[in-house]
Amino acid sequence: FIKEIEDIFISLGYEILNSPEVETDFYNFTALNCPQDHPARDMQDTFWLEQEGLLLRTHTSALQVRAMQTKTLPIAAIQPGRVFRNEAVDASHDFMFMQCEGFLIDEGVTLSHLFGTVHTFLKSLLKKDSLDIRVRPGYFPFVEPGVEIDMRCPFCAQGCSVCKRTTWIEVFPAGMIHPNVLRAGGIDPEKYSGFAFGFGLTR
């Protein structure tokens, strides 16, 4: 499944990158517009390690600034990988799960590029000639504006257990990369823009 996702994004011109599962506070939080006193840190229960400033990454978004600091623009990349959160285990949650982060940075990147990329990916993954998506506002500290992207349920027309009887499935939290995140990666937000998205592979 992960190989299929990677192959689709490679066909769209994306590079597959990796970053460490043991991450620093800077790349996991601070560089992503979540300073020490930011309330967004309260949204994630973090596995902090005994060595100060180190943790098990809570999202694959930690890759973004690492890539900005080492890659030449434009950057188009994804990273599937494990992430860790200290939360109660139930039918849809675990302390370790798989995510995939993707982002594109270049001159003139807009939300339209994001929506087109997500739509093309979903149609390729589900082998559909057409597929409805919808966009709702969403808050994430590392993007502005932030959106939630839903797709029409591919398994039903009237509602089923997969889509919770709504005929829609939430698939992509996403948005335009926040200027503060671009600055943390050494990129001028007056000249460059980018979008980022993430999705769960196992939840």
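Note that these values count all heavy atoms, side chains included, but never hydrogens, waters or copies made by symmetry.
Rounded to the nearest 0.5 angstrom, Gln64 CD and Leu17 CG are separated by 11.5 Å. Taken from CD in Glu6 to SG in Cys100, the straight-line distance is 8.0 Å, to the nearest 0.5 Å. In this structure, Asp188 CG and Ser193 OG are separated by 11.0 Å, a value rounded to the nearest 0.5 Å. Within the model, atoms NE2 of His178 and CZ of Arg183 stand 8.0 Å from one another, a figure rounded to the nearest 0.5 Å. Separating the CD1 atom in Ile16 from the CD1 atom in Ile5 is a distance of 10.0 Å, to the nearest 0.5 Å. The CD1 atom of Ile78 lies 7.5 Å from the CD1 atom of Ile10; values are rounded to the nearest 0.5 Å.
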Side chain to side chain contact (heavy atoms under 4.5 Å, CB included) assessment of Leu56 paired with Met96: CA-CA 10 Å; Leu56 296 181; Met96 184 277 290; over 6 Å; no

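Counting non-hydrogen atoms of neighbouring residues, nucleotides and ligands closer than 6.0 angstrom, the CD atom of Gln158 reaches no more than 12 such neighbours.
With ring centers used as reference points, His59 lies under 6.0 Å from Phe142. A distance of 6.0 Å or more separates the ring centres of Phe84 and Phe47. Note: Phe121 and Phe9 meet the aromatic proximity criterion, with ring centroids under 6.0 Å apart.
Considering only heavy atoms from C-beta on, Arg57 stays 4.5 Å or farther from Leu63 through its side chain. In this structure, the side chains of Lys128 and Pro154 come closer than 4.5 Å at one or more pairs of heavy atoms. Counting heavy atoms from C-beta on, the side chains of Leu182 and Ile105 come closer than 4.5 Å. No side-chain heavy atom of Val83 sits under 4.5 Å from any side-chain heavy atom of Thr58. Residues Phe140 and Glu148 meet the side-chain proximity criterion, which asks for heavy atoms closer than 4.5 Å. A heavy-atom distance below 4.5 Å is not found between the side chains of Phe199 and Thr60.
Legend: side-chain hydrogen bond (donor to acceptor under 3.5 Å, both in side chains) pairs involving residues 113-125, not counting sequence neighbours, sorted by first then second residue: Thr110-His113. For the side-chain hydrogen bond (donor to acceptor under 3.5 Å, both in side chains) condition, the pairs that include at least one residue of residues 66-84, sequence neighbours left out, are Glu15-Lys71, Ser19-Gln79, Glu21-Arg82, Glu23-Arg66, Tyr27-Gln69.
Of all heavy-atom pairs spanning Pro145 and Leu111, the tightest one is CG-CD1, 3.9 Å. Contact detail for Ile75 and Ala67: the closest heavy-atom pair is CD1-O, 3.8 Å. Heavy-atom minimum distance, Tyr192 versus Ile187: CB-CG2, 3.7 Å. When all heavy atoms of Ala174 and Val143 are compared, the closest pair comes out as O-CG2, 3.8 Å. The two residues Val147 and Gly175 come nearest to each other via the heavy atoms CG2-N, 4.2 Å. When all heavy atoms of Gly159 and Cys156 are compared, the closest pair comes out as N-SG, 3.3 Å.
Listed by chain and residue number, nothing satisfies the ring-ring contact (aromatic ring centres under 6.0 Å, His included) test with Phe195 (two or more places apart in sequence, or in another chain).
Contact check on Glu170 versus Arg136 returns a salt bridge, with a Lys/Arg side-chain nitrogen under 4.0 Å from an Asp/Glu carboxylate oxygen. Electrostatic pairing of Glu4 and Lys127 counts as a salt bridge here, judged by a charged N lying under 4.0 Å from a carboxylate O.
At a threshold of 4.5 Å between side-chain heavy atoms, the hydrophobic network of Ile, Leu, Val, Met, Phe, Trp and Tyr places Trp168 and Phe197 in two separate groups.
Between the side chains of Arg85 and Thr46, not a single donor N or O lies within less than 3.5 Å of an accepting N or O.
Listed for the Asp25 side chain is no donor-acceptor partner under 3.5 Å among the backbone atoms of Leu54. Remark: the backbone N or O of Pro141 is paired with a side-chain donor or acceptor of Asn33 at under 3.5 angstrom.
Results of the side-chain contact (heavy atoms from CB on, under 4.5 Å) test with Val171 over Leu122, Asp150, Ile133 single out Leu122 as the only residue that passes.
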